[in-house]
J.: 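Handing you a structure now.
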Amino acid sequence: MKLIHTISELRAELANYQRPALVPTMGNLHDGHLALIRQAKPLGDVTVASIFVNRLQFAPHEDFDTYPRTLEADCAKLEAAGCDVVFAPSERELYPEPQGYKVMPPPELADILEGHFRPGFFTGVCTVVLKLFNIVQPCFAVFGAKDYQQQMVIRRMVAQLALPIDIQTGTTLRAEDGLALSSRNGYLSEAERAEAVQLSLTLKGMIAALQQGERDIAKIEAQAMQALTDRGWKPDYMTVRRRHDLQAPQEGDALVVLGAARLGTTRLIDNIEV
Ligand code: PAF
């Protein structure tokens, strides 16, 4: 496996291949990321993982400075998972000057849910992802399903900008108790870690209510918010949406339940398709 820090070296290396498959990450890798690498591997003729903690997608009060940087451990895991090339640019390499040109995704998709609570988040994500796409020029890119809205925003960007990239979504890996794997789980204390499963349990409770015939979605959402609040969480949203555009569902739509909530100082997100 090759570890490459500069755009020029990466381009020289990738000139040897025709069909790169890219897995963009911010590092601090867990088994969920490694499953994306394994998914990417048979797609192309070279598997590339990028590791870059993207300042553009963090608000000033968020965890950019404390986000764990674990390059050595990440590389060992990537190598074991069969990754061929790791692209880990410095901030100066990726943003040699302030990034004035940005990709602004449409508000109806990017200013709701995560984008509502993290203004500018998807502009930061789309800008770095488009830049990584331009650098790597992948034929395939794999994103995790835990970031449901993110993969949808990226799919739309790729379609609208006619990028010749096949976007694939990997399934969410879960710990034994059901907690979705996330780099941010590492922030949880032991007691918080034990409590954290309540996010997915509450989403499952929302699905159970739907399956039992409850049609009052506002009621299902309010009960889920209250259930987490009663346990000491600070939920941003617990919501039932239609899958294809994440808007409020109409009768007959395929559904997904999505939630984001803060436990102590850690913000967790999760979703389950109904
Ligand atoms: O999902 C992530 O880790 C990031 O948002 C991504 C896609 C690597 C862009 O920085």
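Worth saying up front: this structure is predicted, and the values here are computed from it rather than measured.
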J.: Suppose the criterion is side-chain hydrogen bond (donor to acceptor under 3.5 Å, both in side chains): which pairs have a residue in residues 210-229, not counting sequence neighbours?
T.: Glu214-Lys219, Glu221-Thr239, Gln226-Asp230
J.: Taking only residues two or more places apart in sequence, or in another chain, which ones meet Leu14 in a side-chain contact (heavy atoms from CB on, under 4.5 Å)?
T.: Leu10, Tyr17, Val46, Val48, Val136
J.: My understanding is that a hydrophobic cluster links ILVMFWY residues whose side chain heavy atoms are under 4.5 Å apart, including indirect links. Using that, what else belongs to the cluster containing Leu173?
T.: Leu181
J.: Taking only residues two or more places apart in sequence or in another chain, which ones pass side chain to side chain donor-acceptor pair (under 3.5 Å) with Arg231?
T.: Glu195
J.: Going by atom type alone, with no hydrogens or angles, which donor-acceptor pairs under 3.5 Å involve a side-chain atom of residues 85-96 and a protein atom two or more places apart or on another chain?
T.:
{"from": "Ser90", "atom 1": "OG", "to": "Arg92", "atom 2": "N", "distance (Å)": "3.4"}
{"from": "Ser90", "atom 1": "OG", "to": "Glu93", "atom 2": "N", "distance (Å)": "3.0"}
{"from": "Glu91", "atom 1": "OE1", "to": "Arg55", "atom 2": "NH2", "distance (Å)": "3.2"}
{"from": "Glu91", "atom 1": "OE2", "to": "Arg55", "atom 2": "NE", "distance (Å)": "2.6"}
{"from": "Glu93", "atom 1": "OE2", "to": "Ile7", "atom 2": "N", "distance (Å)": "2.7"}
{"from": "Tyr95", "atom 1": "OH", "to": "Asn54", "atom 2": "OD1", "distance (Å)": "2.6"}

J.: Quick check: does any side chain N or O of His33 sit under 3.5 Å from a backbone N or O of His30, one acting as donor and the other as acceptor?
T.: yes
J.: For residues 169-209, which residue pairs pass the ring pair (Phe, Tyr, Trp, His ring centres under 6.0 Å) check, not counting sequence neighbours?
T.: none
J.: Go through the structure and list residues passing side-chain contact (heavy atoms from CB on, under 4.5 Å) with Arg242, not counting sequence neighbours.
T.: His244, Asp245, Gln247, Pro249, Gln250, Asp253
J.: Considering only residues two or more places apart or on different chains, which pairs with a residue in residues 74-89 satisfy side-chain hydrogen bond (donor to acceptor under 3.5 Å, both in side chains)?
T.: Thr70-Asp74
J.: Identify each donor-acceptor pair in which a side-chain atom of residues 256-274 lies under 3.5 Å from a protein atom, sequence neighbours left out, and give them as a table.
T.:
{"from": "Arg267", "atom 1": "NE", "to": "Asp236", "atom 2": "OD2", "distance (Å)": "2.8"}
{"from": "Arg267", "atom 1": "NH1", "to": "Glu114", "atom 2": "OE1", "distance (Å)": "2.8"}
{"from": "Arg267", "atom 1": "NH1", "to": "Glu114", "atom 2": "OE2", "distance (Å)": "3.4"}
{"from": "Arg267", "atom 1": "NH2", "to": "Glu114", "atom 2": "OE2", "distance (Å)": "2.9"}
{"from": "Arg267", "atom 1": "NH2", "to": "Asp236", "atom 2": "OD2", "distance (Å)": "3.2"}
{"from": "Asp270", "atom 1": "OD1", "to": "Arg174", "atom 2": "NH2", "distance (Å)": "2.9"}
{"from": "Asp270", "atom 1": "OD2", "to": "Arg174", "atom 2": "NH1", "distance (Å)": "2.8"}
{"from": "Asn271", "atom 1": "ND2", "to": "Ala145", "atom 2": "O", "distance (Å)": "3.0"}
{"from": "Asn271", "atom 1": "ND2", "to": "Lys146", "atom 2": "O", "distance (Å)": "3.0"}
{"from": "Glu273", "atom 1": "OE1", "to": "Arg243", "atom 2": "NH1", "distance (Å)": "3.4"}
{"from": "Glu273", "atom 1": "OE2", "to": "Tyr148", "atom 2": "OH", "distance (Å)": "2.7"}

J.: Find the distance between CD (Gln149) and CZ (Phe121) and round it off to the nearest 0.5 Å.
T.: 8.5 Å
J.: Who passes side-chain contact (heavy atoms from CB on, under 4.5 Å) against Val197, sequence neighbours left out?
T.: Asp177, Ser200, Leu201
J.: Listed by chain and number, what are the side-chain contact (heavy atoms from CB on, under 4.5 Å) partners of Gln39, not counting sequence neighbours?
T.: Leu36, Val142, Gln168
J.: Sequence neighbours left out, what passes ring pair (Phe, Tyr, Trp, His ring centres under 6.0 Å) with Tyr67? Give chain and number order.
T.: Phe58
